[in-house]
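Have a look at the structure below before the remarks.
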Amino acid sequence: MDLIRTEGQRMTAAQPSETTVGNMVRRVLKVIREEYGRLHGRSEESDQQESLHKLLTSGGLSEDFRTPYPSLRANVIEAINEMLIELEGTTDNIAMQALEHIHSNEVIMTIGYSRTVEAFLKEAARKRKFQVIVAECAPFCQGHEMAVQLSKEGIETTVMSDAAIFAVMSRVNKVIIGTKTILANGALIAVSGTHTLALAAKHHSTPLIVCAPMFKLSPQFPNEEDSFHKFVSPQEVLPFTEGEILAKINVHCPVFDYVPPELITLFISNIGGNAPSYIYRLMSELYHPDDYEL
Amino acid sequence: MGTDDLIETFRAQLRDDPDVASAVAAIRALLGFLKQDRGETIQGLRNSLRDAIDTLSRVDSSVAVSSGGELFLRFISLTSLEYSDYSKCKEIMIERGEIFLTKVSLSRNKIAKLCHPFIRDGARILTHAYSRVVLRVLEAAVESKKRFSVYVTESQPDEAGQKMAKALRKLNIPVTVILDAAVGYIMEKVDLVLVGAEGVVESGGIINKIGTNQIAVCAKAQNKPFYVVAESFKFVRLFPLNQQDVPDRFKYKADTLKTGQNLTEEHPWIDYTSPSLITLLFTDLGVLTPSAVSDELIKLYL
């Protein structure tokens with residue numbers, strides 16, 4: 001386990017904004033703990049987590065993992081293969097739930113380009129007729145790519161600029177977005193512009209649905225707002241050709257936005273639909289508390 | 001062990017170690033009572049323990065003592081289910097009781113470790129009355145070389161805020177004591193609110209010194225995060241829907257209740273803050289959202 005932990009630390013240090021790497025490492029660690037526990041003879045129900053119950057009934061401090069079991073390695077590899085199969089099927093699982101959430105003649109809004117949302121909408125388009133408005137998500141304008149893909153399936157698509165989000169919101173029935181990461185309190189780290197979209201949706205009481213697979217759920221809390229931001233070259237905002245202006249001003253190009261949990265209505269993941277307040281429970285199923293800090 | 005001995009042990013605990021939580025002192029006193037109990041059956045033990053807990057609540061009627069007592073009773077019931085032989089059972093109980101007390105003494109440090117990353121450099125914190133857990137958290141933040149300033153409410157009628165301010169000044173933290181009425185005024189200047197709790201109820205709300213509810217409402221109105229720090233033995237099986245639902249025996253001091261006068265004339269000492277106003281709870285079971293609290297309680301009591 002220590003080996004995996006050190007490797008995990010190296011990988012996350014290399015690219016801190018890619019939280020899925022850390023998530024997968026934590027899941028592997030949990031799998032190892034479970035397999036060990038199973039071989040060690042503990043019952044399935046015994047809780048690995050801290051709880052008041054455990055405080056009162058345990059006969060000693062936490063167990064050590066030193067007893068060697070020859071079949072442990074084989075079991076762990078098998079469990080990891082199962083996990084891989086699950087990962088490959090996540091987008092399909094999410095898309096299968098599309099029909100329950102999208103009804104005919106609805107106007108759906110989305111932002112940027114998310115492959116999960118694309119699959120979700122395409123699946124619904126096979127049986128229902130609806131319109132999609134895509135916010136282009138400047139400065140990278142990935143919304144354009146999304147619109148092209150959707151219109152190939154025959155979905156009536158409109159592209160508009162981010163500034164018009166609030167103006168159009170009154171005509172929208174649902175907002176469906178993807179995200180980069182889901183945090184432990186149910187908040188999102190998503191592309192820049194999503195917070196604006198979420199606030200506009202809240203103002204008009206429009207449901208905000210987030211389609212994201214479970215591996216994006218990260219056990220971190222948003223304690224340092226700035227540490228999540230990834231900035232890229234401001235070339236997109238103000239090109240380097242505008243040299244004289246550049247000398248007098250500061251230009252920033254943040255990639256991600258923080259969206260607080262109160263603005264989100266529903267999370268659709270490969271295991272079904274969940275409310276943001278339930279995220280803590282999903283987290284306890286996927287990860288072990290000792291692994292939250294890699 | 002007579003009731004007087006019990007009360008004396010409890011009071012001695014609180015005197016000798018002013019830093020100990022009252023629930024822990026209660027549990028320690030009850031453990032001592034258990035060791036000296038001469039009964040022969042579990043039922044007898046449970047009855048005498050219930051009487052002992054009643055005695056203790058007559059001395060100190062706070063929520064914490066009540067939740068500590070409940071937890072101890074639960075502990076006895078759980079252990080007795082596993083072993084049917086009484087003397088063996090008693091041995092195990094005493095052993096586990098000691099382990100429990102060691103674990104619980106580490107809980108404040110665990111909470112401090114979890115909470116201090118949430119305090120940023122340059123933060124302005126608002127806190128309420130005197131809480132030893134909050135003090136520990138701020139101490140940990142100072143140890144990790146963070147600079148911040150604290151506003152403390154005076155917290156009448158016992159001026160607990162002044163006590164807190166004195167303790168903070170010893171740690172070299174810049175402190176300002178403000179009037180309880182000035183919370184709405186100061187809220188725009190603070191970055192986060194950090195309070196302790198006397199009890200955490202099933203809905204995820206908290207019971208704390210009077211004035212906490214006001215602070216929570218102001219914080220919500222101005223979009224400031226409201227953090228609560230509490231050890232897990234403070235979780236109590238109450239589900240108040242409003243302020244009236246909190247039992248009278250918690251609201252007023254034990255001596256006031258004994259005199260039997262008209263309680264409508266008395267000022268309550270605690271109030272209830274609803275879970276919708278709380279952002280996060282930091283406990284030794286981890287960082288919890290208010291909805292996770294009832295899950296924890298269910299795991300224990302059902």
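Values in this document were obtained by computation on a predicted structure and should not be read as measured data.
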Discussion item. Which heavy atom of Asn185(A) sits nearest to which heavy atom of Leu280(B), and what is that distance?
Written reply: CB-CD2, 4.4 Å
Practice prompt. Check whether Ser291(B) gets within reach of chain A through its side chain, its backbone, both or neither, counting any heavy atom under 4.5 Å.
Written response: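 Looking at Ser291(B), backbone and side chain both touch chain A.
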For residues 195-210 of chain A, which side-chain donor-acceptor pairs fall under 3.5 Å, sequence neighbours excluded?
unit_1, atom_1, unit_2, atom_2, d
His195(A), ND1, Tyr258(A), O, 3.3
Lys202(A), NZ, Glu262(A), O, 3.1
His204(A), ND1, Ala200(A), O, 3.0

Fill in: Qualifying salt bridge (charged side-chain N to carboxylate O under 4.0 Å, His left out) pairs with a residue from residues 179-198 of chain A, counting only residues at least two apart or across chains
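Counting only pairs at least two positions apart or across chains, the salt bridge (charged side-chain N to carboxylate O under 4.0 Å, His left out) contacts touching residues 179-198 of chain A are Glu18(A)-Lys180(A).
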Worksheet item: How about residues 266-282 of chain A versus chain B: which residues have heavy atoms under 4.5 Å apart?
Response: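 Residues Ser277(A), Tyr280(A), Arg281(A) are the ones that qualify, each having a heavy atom under 4.5 Å from chain B.
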Worksheet entry | Residues forming a salt bridge (charged side-chain N to carboxylate O under 4.0 Å, His left out) with Arg50(B), sequence neighbours excluded |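 Here no residue qualifies.
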